[in-house]
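Everything numeric in this text was worked out from a predicted model, so none of it was measured. In what follows, chains are A, B, ... by sequence order, proteins preceding strands, each numbered from 1.
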Amino acid sequence: MSDIRLVNLTKSYGEGNAVSDVNLQIGEGEFFSLLGPSGCGKSTTLRMIAGFIRPTSGQILVGRDDITALPPEKRDIGIVFQNYAIFPHMNVAENIAFGLKLRKLPKAEIARRVTESLKQVGLAGYDERYQRQLSGGEQQRVALARVLVTEPRILLLDEPLSALDKGLREEMKFWIKDLQKKLRITTIYVTHDQDEALTMSDRIGVMSKSRVVQVGTPQEIYERPKTLFVTSFIGHSNVLDVRVLRAEEGSALVSLAGQELRTRNGGGLSPGAAAKLVVRPENILMGSALGPTDARLEASVISEIYQGALVRYRLKVGDQEIVAERQNQAHVERFPPGAEVTIGWDPEWSEALVA
Amino acid sequence: MRDEAAVSPLMKAIAILALVVLLLPVAIVVLAGLNAGEYLTFPPQGLSLRWVWAFLSSPTFMGAYLYSFVLALVTTLISTALGTLASIYLSRSRGRAAAALRGFFMLPIVLPGVVLGLALYVFYVSTDIGLARSFPGLLIGHVLVTFPFVVATVTASMVGFDLSLEEAARSLGASPWTAFRKITLRLIAPGISAGSIFAFIISFGQFETTLFLTVPNHEPLPMAMYISLRYKFEPTAAAAGIFAIALVALSTVVSARLVSLRRVFRA
Ligand SMILES: Nc1ncnc2c1ncn2[C@@H]1O[C@H](COP(=O)(O)OP(=O)(O)O)[C@@H](O)[C@H]1O
Ligand SMILES: [Mg+2]
């Protein structure tokens with residue numbers, strides 16, 4: 001079994017914690033991303049799983065084995081580093097054979113598996129090249145081949161695409177995901193790039209300031225952010241000051257500039273308290289696009305910004321500004337600056353969070 | 001090497017001039033050692049192998065030569081091993097302790113050799129631990145003198161060494177020792193080799209610290225040459241110099257061969 005469990009995993013460096021009390025369960029064959037801004041503790045978490053850093057407290061379990069105290073070479077966990085770490089004094093074939101030689105496999109078997117693995121990553125015939133003769137993307141593939149050829153229980157990737165240019169990054173994103181799916185290898189992918197996390201992952205753990213603040217599918221993370229941090233880190237959102245009128249299980253009634261609105265309840269709200277209402281620009285409807293059950297607000301248009309496929313509106317409600325985005329489709333209603341307009345959204349697509 | 005064409009003729013001329021100035025004493029020693037005359041003179045009065053034979057058949061000089069060779073060899077082995085370990089420690093630890101230690105290790109470079117020799121001699125004699133004028137005592141002196149050079153060159157070769165290479169090896173199944181041997185050691189080998197060449201050359205030519213520590217009747221070559229020149233102004237010392245130069249050149253070539261410096265420079 002190669003599911004992973006992190007139990008109260010903590011690493012402290014003197015005064016502060018790099019990782020605090022992380023609890024995660026990652027299923028066999030799952031593609032799990034740790035997403036968060038630089039310095040939030042992603043690499044430290046990954047390096048504890050790989051065995052390069054000893055946790056201050058907590059446990060790491062793979063299947064039923066507690067591997068917390070095992071050295072890296074006994075863990076059977078492969079890792080791909082941000083800079084790929086191709087051994088510069090060995091050619092590609094020797095790099096890939098490195099782990100196999102340590103496992104004392106017969107020579108012919110090693111040669112066969114190296115060739116096979118080079119073919120798998122699309123680098124057939126690259127055997128004799130050295131690191132300095134490889135592009136970033138090729139080094140990336142060699143690093144993956146070198147790890148995968150040893151058939152580890154778990155694959156760890158630390159920002160593997162951040163050193164590549166944009167076009168290649170897009171290509172590698174799908175390539176890595178496809179390879180992972182084909183091999184069904186349990187994978188933990190560290191990134192600060194929300195696009196990578198959203199497109200590649202089965203589930204995402206969002207980290208902030210040494211803690212995992214939300215775990216969920218890409219859809220859950222994007223559509224149902226549980227904290228203001230997740231809201232602001234993933235995509236763009238309007239974050240509006242509101243006051244709670246009624247709070248029920250799952251939904252709430254809030255007032256924004258004297259107008260009442262229904263919304264989802266992110267939890268922890270109490271009547272009379274200030275709260276933040278979160279709604280994404282693309283979910284805001286305007287004018288005749290509104291349906292009968294949508295939450296409604298009277299707003300005025302500050303400006304209209306034409307962006308080709310999108311039209312972006314800056315709107316004013318009371319003294320707060322709201323940004324709305326609309327697809328620029330045929331027959332779509334347009335609103336000139338200064339116009340008064342009714343805007344709104346499906347209450348299920350907005351969330352009230354504790355301020 | 002790609003930029004060879006970009007070197008201006010002026011720079012080339014300066015480089016050649018510097019080389020000539022540096023190699024001139026070497027040439028003078030070699031020619032003086034091949035002198036056919038009775039005394040150490042330059043330019044030589046005709047060429048002959050007379051003094052080379054004198055050196056080869058002199059028990060004093062040959063003994064001193066072998067003694068220096070063994071001393072330099074043992075010094076190099078110890079200094080290289082200790083210096084490499086120290087460099088690895090220094091390059092992997094931060095904080096005040098490591099910084100202080102780095103300065104401490106470099107101390108013998110800035111300390112005049114005479115002062116170091118005198119200090120060691122006084123220490124050996126006053127503590128009466130049996131090191132005064134003994135081979136181990138002399139060896140300690142030579143290790144102290146050569147150690148900083150190994151530390152300096154090996155530390156330099158570890159700057160920019162990517163620790164994730166070692167970590168990658170570890171997670172591919174290598175024990176700490178295997179990862180060190182197959183990755184780190186291979187990559188810093190040119191630095192270690194350069195450090196050991198330094199150690200050998202410096203030990204072989206060491207004079208002022210040696211002055212206080214030599215074992216009676218077992219003079220290393222530099223001392224033997226000095227003593228010989230004080231009493232007889234014979235070209236045998238210069239002939240000995242030829243062999244010293246040859247040995248140093250040979251050690252450089254051998255050491256470079258062992259780690260294939262070419263491969264490093266090709267990259
Ligand atoms: N060896 C260390 N000593 C002290 N602090 C460290 C060390 N390694 C990491 N940290 C701190 O721990 C925090 C998390 O680091 P890291 O896991 O590398 O973040 P991320 O990978 O998310 O960018 C950072 O604030 C960093 O400064
Ligand atoms: Mg990181």
Completion exercise
Turns out that what part of A:Phe87 lies under 4.5 Å from chain B's heavy atoms comes down to both
Practice task
With a 4.5 angstrom heavy-atom cut-off, could you sort out which part of B:Ala169 is near chain A: side chain, backbone, both or neither?
Solution key: both
Practice task
Would you tell me whether A:Ser43 and A:Asp158 have side-chain atoms, one donor and one acceptor, within less than 3.5 Å of each other?
Solution key: yes
Fill in the blank from the handout: So, the part of A:Leu102 with a heavy atom under 4.5 Å from chain B: the answer is side chain
Practice task
Check whether the ring centres of A:Tyr189 and A:Phe32 lie less than 6.0 Å apart, and answer yes or no.
Solution key: no
Practice task
Measure A:Asp76 against the heavy atoms of chain B and call it side chain, backbone, both or neither at under 4.5 Å.
Solution key: neither
Problem - Polar contact flag, side-chain donor to acceptor under 3.5 angstrom, B:Glu166-B:Thr184 - result: yes
Problem - Most chain B-contacting option - heavy-atom pairs closer than 4.5 Å, from A:Pro72, A:Ala50, A:Gly51 - result: A:Pro72
Completion exercise
Under 4.5 Å to a heavy atom of chain B? For A:Ile86 that would be backbone
Fill in the blank from the handout: The interface call for B:Ile183 against chain A, heavy-atom contacts under 4.5 Å, is both
Practice task
Taking the six-membered ring for Trp and the single ring otherwise, decide whether the centroids of B:Phe204 and B:Phe69 are under 6.0 Å apart.
Solution key: no
Exercise for the section: Using distance alone, with no hydrogens and no angle criterion, decide if A:Ser33 and A:Ser201 have a side-chain donor and acceptor under 3.5 Å apart. Expected result: yes
Handout entry: Options A:Asn83, A:Val147, A:Leu156, A:Thr150, ranked by heavy-atom pairs under 4.5 Å with chain B, top entry
Key = A:Asn83
Handout entry: Trace of the salt bridge (charged side-chain N to carboxylate O under 4.0 Å, His left out) decision for A:Glu116 with A:Arg113
Key = CA-CA 5 Å; A:Glu116 202 172 89; A:Arg113 277 168 74 166; over 6 Å; no
Exercise for the section: Heavy-atom distances under 4.5 Å only: say whether A:Arg146 touches chain B with side chain, backbone, both or neither. Expected result: both
Problem - A:Arg103 atom CZ: more than 12 heavy-atom contacts under 6.0 Å - result: yes
